[in-house]
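Reading through the structure tokens given below for one structure.
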Amino acid sequence: MFNTEDEAAVLAALRDAMPWRWPMRAATELEDAWSELTGMPYVLAVNSGTAALHMALVAMGVGPGDEVLVPADTFGATAQAVLHAGARPVFVDSDPVTYTIDPAQAQTAITPATRAVLPVDLHGLPADYAALRRLGLAVVEDGAQAHGATYRGRQVGALGDASGLSLNGSKTLSSAGEAGLFATADREGHLRARALMTFGESQSRATGEMPEVTSVGWNYRIHVLGAAFARSQLRRLAEMSDSRSANGAALTGLLTGIPGLLLPVVPEDRTHVYFLYPLLVRPEEFGLGPEYVPAFRDALREAAAAEGLPIGRWQTKPLPHHRLFRDRQEFPVAADICARRLSIGHSSCPIGPPHTRDTMGRIAAVFEKILVTEGKAFRRMVTGR
């Protein structure tokens with residue numbers, strides 16, 4: 001969703017882009033605005049959320065030989081950022097209620113090599129940072145799915161010692177392309193991250209002089225037009241987040257009581273902005289065993305599509321079971337979530353504005369029709385008898 005203010009911001013940045021120099025005004029304005037919102041004094045706007053996570057890990061001193069605790073249910077970039085830093089991701093099972101990383105399981109995974117924990121604010125819901133802090137590790141927040149959500153009154157992006165967030169075009173705060181935000185309150189960490197962002201240079205180019213190259217670095221700088229678009233969108237983040245939270249809560253209320261669905265839970269100490277609205281299928285409520293989970297899930301997805309409601313699957317198995325990682329440990333909670341989960345949201349059927357409770361009512365009506373009005377026929381569709 002964008003408006004004429006976003007268009008004007010991008011056009012102004014385009015006009016300001018020549019002659020080219022760094023840092024661009026649109027980038028610094030975005031950094032300042034994110035710093036003001038989160039209270040994090042050091043912010044860098046970069047070209048992807050993955051870059052921001054890599055920088056956040058390096059900012060916290062993560063490097064070769066270190067281990068980082070990573071949730072088993074997440075997007076690939078979370079663990080790949082650990083690999084970029086030269087460290088090893090150690091996967092941790094999910095909390096069965098919030099679907100975020102389970103702090104108790106994280107505790108058992110700590111070894112002398114563990115340097116940090118990398119929680120993900122999954123689907124738009126922050127992880128349990130108070131419990132994670134008690135682990136005594138550096139906390140690097142992956143807030144890519146949850147801009148605008150809060151935990152105990154603090155904004156996502158300010159819940160760890162350092163954070164990395166995506167501004168991908170599908171996200172709750174968008175650059176209309178690929179971009180990201182790094183943030184920390186640690187000055188030395190900020191300097192390490194800034195060097196990593198810009199060719200390993202020892203200082204900012206704002207002085208007008210070419211600085212000395214002191215370490216290996218990358219070119220992680222943000223595109224000026226994406227920065228301008230995200231800065232404009234950020235002015236409406238609170239409004240958009242309130243809409244997402246209200247729509248998600250309304251949908252949960254409307255779906256309550258419909259059999260076959262496990263609905264998302266939002267603990268009282270945090271808010272949810274529903275980048276994705278996760279639904280876990282429960283064929284057991286139709287008198288079917290767990291072996292029917294795949295058939296029930298796929299039949300529900302097909303029936304909803306026939307009613308004009310697109311539903312995604314997002315992560316289909318725990319990340320450590322992907323070919324890159326080949327971790328054959330069991331992650332029973334994450335595996336069950338991945339097997340049962342259907343997702344509303346993202347780009348195909350977003351929960352946020354301009355959608356309202358009326359849209360949530362139409363979504364709920366689809367499930368009411370499939371699982372209640374035509375429930376017996378649906379059960380036969382699942383079982384084949």
Side-chain angles (χ1 to χ4, degrees), residues 1-7 98-99 121-126 144-150 156 166-176 229 232-266 270-282 296-315 340-375 378:
M1 176 183 174
F2 64 93
N3 61 20
T4 55
E5 293 176 359
D6 300 332
E7 292 175 339
T98 64
Y99 313 149
D121 303 325
L122 197 66
H123 305 138
L125 180 70
Q145 297 185 1
H147 323 70
T150 60
V156 159
S166 170
L167 299 176
N168 173 279
S170 69
K171 295 299 194 294
T172 56
L173 178 63
S174 170
S175 68
F229 188 88
S232 183
Q233 290 258 306
L234 184 53
R235 293 185 173 92
R236 303 194 303 283
L237 180 61
E239 174 188 340
M240 292 189 294
S241 299
D242 287 347
S243 175
R244 286 178 170 276
S245 295
N247 284 346
L251 184 55
T252 297
L254 292 166
L255 293 174
T256 298
I258 295 178
L261 302 175
L262 183 62
L263 308 178
V265 173
V266 184
R270 63 202 87 170
T271 62
H272 200 317
V273 292
Y274 298 98
F275 170 68
L276 296 173
Y277 185 97
L279 289 167
L280 271 56
V281 299
R282 296 281 299 167
F296 191 100
R297 178 198 65 219
D298 295 344
L300 181 56
R301 187 181 184 191
E302 181 181 340
E307 297 292 329
L309 175 61
I311 302 178
R313 281 206 59 201
W314 200 62
Q315 193 67 280
R340 295 177 183 268
R341 178 173 50 208
L342 293 172
S343 299
I344 303 169
H346 203 272
S347 301
S348 58
C349 184
I351 297 295
H355 299 287
T356 65
R357 185 183 175 90
D358 288 343
T359 306
M360 302 306 108
R362 291 194 291 273
I363 292 172
V366 170
F367 291 102
E368 176 83 21
K369 178 180 179 181
I370 296 167
L371 297 173
V372 179
T373 306
E374 300 176 357
F378 178 74

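What's counted below: heavy atoms across the whole structure, side chains too, no hydrogens, waters or symmetry copies. Numbers here are sequence positions counted from 1.
E368 meets the side chain to side chain donor-acceptor pair (under 3.5 Å) test with no other residue; sequence neighbours excluded. Applying the side chain to side chain donor-acceptor pair (under 3.5 Å) rule to R362 yields the partners T359; only residues at least two apart in sequence or on another chain are considered. Scanning for salt bridge (charged side-chain N to carboxylate O under 4.0 Å, His left out) contacts around R297 gives an empty result, with sequence neighbours left out. Residues satisfying the side chain to side chain contact (heavy atoms under 4.5 Å, CB included) test with E302, not counting sequence neighbours, are M381. S241 is linked by a side chain to side chain donor-acceptor pair (under 3.5 Å) to nothing, counting only residues two or more places apart in sequence or in another chain. Looking at residues two or more places apart in sequence or on another chain, you find a side chain to side chain contact (heavy atoms under 4.5 Å, CB included) between L280 and Y99, L262, I337, R340, R341. Every residue two or more places apart in sequence or in another chain that forms a side chain to side chain contact (heavy atoms under 4.5 Å, CB included) with A303 is listed here: I370. Among residues two or more places apart in sequence or in another chain, the ring pair (Phe, Tyr, Trp, His ring centres under 6.0 Å) test is passed with F378 by F296. The side chain to side chain donor-acceptor pair (under 3.5 Å) test applied to S175 returns no partner, not counting sequence neighbours. Qualifying side chain to side chain contact (heavy atoms under 4.5 Å, CB included) partners for S232, counting only residues two or more places apart in sequence or in other chains: E5, D6, A9, R235, R236.
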Distance-only criterion, 3.5 Å: show the donor-acceptor pairs between side-chain atoms of residues 305-314 and protein atoms not counting sequence neighbours.
from : atom 1 : to   : atom 2 : distance (Å)
E307 : OE1    : K369 : NZ     : 3.4
E307 : OE2    : K369 : NZ     : 2.9
R313 : NH2    : C338 : O      : 3.1

side-chain contact (heavy atoms from CB on, under 4.5 Å) between Q233 and M240, intermediate numbers included | CA-CA 9 Å; Q233 290 258 306; M240 292 189 294; 4.0 Å; yes
Test side-chain contact (heavy atoms from CB on, under 4.5 Å) on L254 and I363 and set out the steps.
-> CA-CA 9 Å; L254 292 166; I363 292 172; over 6 Å; no
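Put simply, the side chain of H123 never gets that close to the backbone of L125: no donor and acceptor are under 3.5 Å apart.
To the nearest 0.5 Å, atom CG of residue L234 and atom OG of residue S174 are 12.0 Å apart.
T271 and P126 make their closest contact through O-CD, 3.1 Å (heavy atoms, listed as atom of the first residue, atom of the second, distance).
Among pairs with a residue in residues 243-256, those fulfilling side-chain hydrogen bond (donor to acceptor under 3.5 Å, both in side chains) read T252-Y277, at least two apart in sequence or across chains.
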